[in-house]
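Presented below is the structure to which this report refers.
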Amino acid sequence: MKLIFATHNPGKIEEMQEILINLPIEILTADQAGVTEDVIEDGKTFEENALKKARFVCERTGEWTMADDSGICIDALHGAPGVLTARWAGEDATDNQLVSYTLDQLKDVPTGNRQATFCSVVVLLSPKGEVWIFEGTVRGTIPPVPSGTARPKLPYDVIFIPDGQSKTFGDMTEEQKNAMSHRGIAFSKLKAFLQRAQDTKEIDLSVL
C-alpha cells in the first residue's frame with residue numbers, strides 16, 4: 001500500500017510519519033515519488049491550497065496522494081498571516097526572519113490580547129478524483145519572546161503556547177506536540193478514517 005505526501009517540508013514529513021506509524025501503508029514524499037517541483041499556493045483558503053498540492057502530485061504520479069496546508073491566524077492582526085504564514089515576511093524569508101517579523105507585528109499588543117489559532121487542513125485524493133478532507137485547529141497565545149527549538153520549516157513552534165499549557169510547541173517533544181497540535185489532530189482524523197476504511201472496505205486500500 002502506497003500513499004504520497006505532497007510536501008517537501010521535512011518537519012511536516014517527520015510529524016506525519018510519527019502519527020501514521022502503525023498504518024500498513026508505505027508513505028512516500030513528493031521527492032521520493034519523483035515530483036520535485038512546487039505548486040504555486042495561491043488559494044484563498046487552507047483547503048484550496050491543500051487540494052491544489054494534492055492534485056498537482058496526483059496528476060504527475062497517478063497515485064493516492066495526501067497534502068496539507070496549515071497556518072497561524074492571529075486575532076490582533078485580523079486573522080493574518082493565515083494562508084500567507086510561510087511567506088508573509090517575504091518569499092525568501094528564513095525561519096528566524098518569520099519569527100522576528102511576526103513578533104514585530106505584535107510588539108504593541110498587550111499580553112492579554114495575543115491570542116491565535118493554528119489551523120490545518122489535510123486532503124486525501126484518489127487517482128479517480130475522490131476527495132476526503134480532515135481539519136484540525138488549536139487555540140493559543142503568542143509569547144513576547146521565542147522559546148524552545150523550531151523544527152525544520154516549522155518556525156512558529158517557538159512562539160505558540162497552546163491553551164492550557166505553559167510551554168511552546170518548540171519546548172515539547174514530538175509526542176507531546178502531536179497529541180494536541182492542529183496538524184496532529186487533522187492527521188489523526190485521517191489515520192482513523194484509513195483504519196476504519198481498512199476494516200469496513202469503505203474504500204479499497206489494496207489499490208493504494
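This is a predicted model, so every value here is computed, not measured.
In terms of hydrophobic clustering, with Ile, Leu, Val, Met, Phe, Trp and Tyr side chains grouped at heavy-atom distances under 4.5 Å, Val123 and Phe187 are assigned to different clusters. Ile161 is not connected to Leu106 by any chain of hydrophobic side-chain contacts under 4.5 Å among Ile, Leu, Val, Met, Phe, Trp and Tyr, and they are in different clusters. Note on Phe118 and Tyr101: same hydrophobic cluster, where clusters join Ile, Leu, Val, Met, Phe, Trp and Tyr whose side-chain heavy atoms are under 4.5 Å apart, directly or indirectly. Tracing side-chain contacts under 4.5 Å through hydrophobic residues (I, L, V, M, F, W, Y), one never reaches Met180 starting from Leu190; they form parts of separate clusters. In the hydrophobic clustering of ILVMFWY residues, with side-chain heavy atoms under 4.5 Å counting as a link, Leu84 and Tyr156 come out together.
Proximity of Val138 to Phe169: side-chain heavy atoms (C-beta onward) are separated by under 4.5 Å at one or more points. Side-chain contact between Gln105 and Leu77 is present, with at least one heavy-atom pair separated by less than 4.5 Å. At least one side-chain heavy atom of Glu37 sits less than 4.5 Å from a side-chain heavy atom of Arg60. Side-chain contact check for Trp64 versus Ile4: every heavy-atom pair is 4.5 Å or farther apart. Side-chain contact between His182 and Glu135 is absent, with no heavy atoms from C-beta onward closer than 4.5 Å. The side-chain heavy atoms of Glu47 and Ile133, taken from C-beta on, include a pair separated by under 4.5 Å. Inter-residue side-chain proximity for Ile27 and Ile13 is flagged as unmet; no heavy-atom pair is nearer than 4.5 Å. By the 4.5 Å heavy-atom criterion applied to side chains, Pro81 and Ile72 are counted as neighbours.
With Lys53 as the partner, the salt bridge (Lys or Arg N to Asp or Glu O under 4.0 Å) test is satisfied by one option alone out of Glu41, Glu48, Glu59: Glu41.
Leu20 CG to Phe5 CZ: the interatomic distance, rounded to the nearest 0.5 Å, is 8.5 Å. To the nearest 0.5 Å, the span separating CZ on Phe160 from CE on Met172 amounts to 9.0 Å. To the nearest 0.5 angstrom, Gln115 atom CD is 14.0 Å from Cys73 atom SG. We find the CD1-NZ distance between Ile19 and Lys177 to be 9.0 Å, quoted to the nearest 0.5 Å. Taking OG of Ser188 as the start and CG of Asn178 as the end, the distance is 7.5 Å to the nearest 0.5 Å. How far CG of Leu194 is from CG of Leu124: 6.0 Å, rounded to the nearest 0.5 Å.
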Q.
I'd like to know whether Ile25 forms a side-chain contact (heavy atoms from CB on, under 4.5 Å) with Lys2, so could you lay out the CA-CA distance, the side-chain angles of the two residues, the decisive distance to 0.1 Å, and finally the verdict.
A. CA-CA 6 Å; Ile25 295 174; Lys2 183 165 59 177; 5.9 Å; no
Q) Could you go step by step and tell me if Thr61 and Val35 meet the side-chain contact (heavy atoms from CB on, under 4.5 Å) rule? A) CA-CA 8 Å; Thr61 63; Val35 182; 3.7 Å; yes
Q) Hey, mind stepping through Lys44 and Val83 against side-chain contact (heavy atoms from CB on, under 4.5 Å) and telling me if it holds? A) CA-CA 7 Å; Lys44 291 181 170 58; Val83 293; over 6 Å; no
Q: Might you work through the side-chain contact (heavy atoms from CB on, under 4.5 Å) test for Val122 and Lys189, ending with a clear yes or no?
A: CA-CA 9 Å; Val122 175; Lys189 290 179 180 179; over 6 Å; no
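Val158 and Ala150 get closest at one heavy-atom pair: CG1-N, 3.4 Å. Closest approach of Ala76 and Asn113 over heavy atoms only: CB-O, 3.7 Å. Among all heavy-atom pairs drawn from Thr168 and Ser147, the shortest one is OG1-O, 2.7 Å. In this structure, Ser120 and Ser70 approach most closely via the heavy-atom pair OG-OG, 3.0 Å. A pairwise comparison of heavy atoms in Leu125 and Cys58 identifies CD2-CB, 3.7 Å as the closest pair. The nearest pair of heavy atoms linking Ile159 to Ile142 is O-CD1, 3.1 Å.
The ring of Phe134 has its center closer than 6.0 angstrom to the ring center of Phe193.
Counting heavy atoms of neighbouring residues, nucleotides and ligands inside a 6.0 Å radius, atom NZ of Lys153 does not exceed 12 of them. For CD of Glu14, the number of neighbouring non-hydrogen atoms (other residues, nucleotides, ligands) closer than 6.0 Å is 12 at most. Within a 6.0 Å sphere centred on CG of Asp92, heavy atoms belonging to other residues, nucleotides or ligands number 12 at most.
The existence of a salt bridge linking Arg151 and Asp95 is excluded, since no basic side-chain nitrogen approaches an acidic carboxylate oxygen closer than 4.0 Å. Ion pair Asp75/Arg114 not flagged as a salt bridge, since none of the NZ, NE, NH1 or NH2 atoms sits closer than 4.0 Å to an Asp/Glu carboxylate oxygen.
Within the 3.5 Å criterion, the main-chain N or O of Gly148 finds a donor-acceptor partner in the side chain of Asp171. In this structure a side-chain-to-backbone donor-acceptor pair under 3.5 Å is missing from Thr45 to Gly43.
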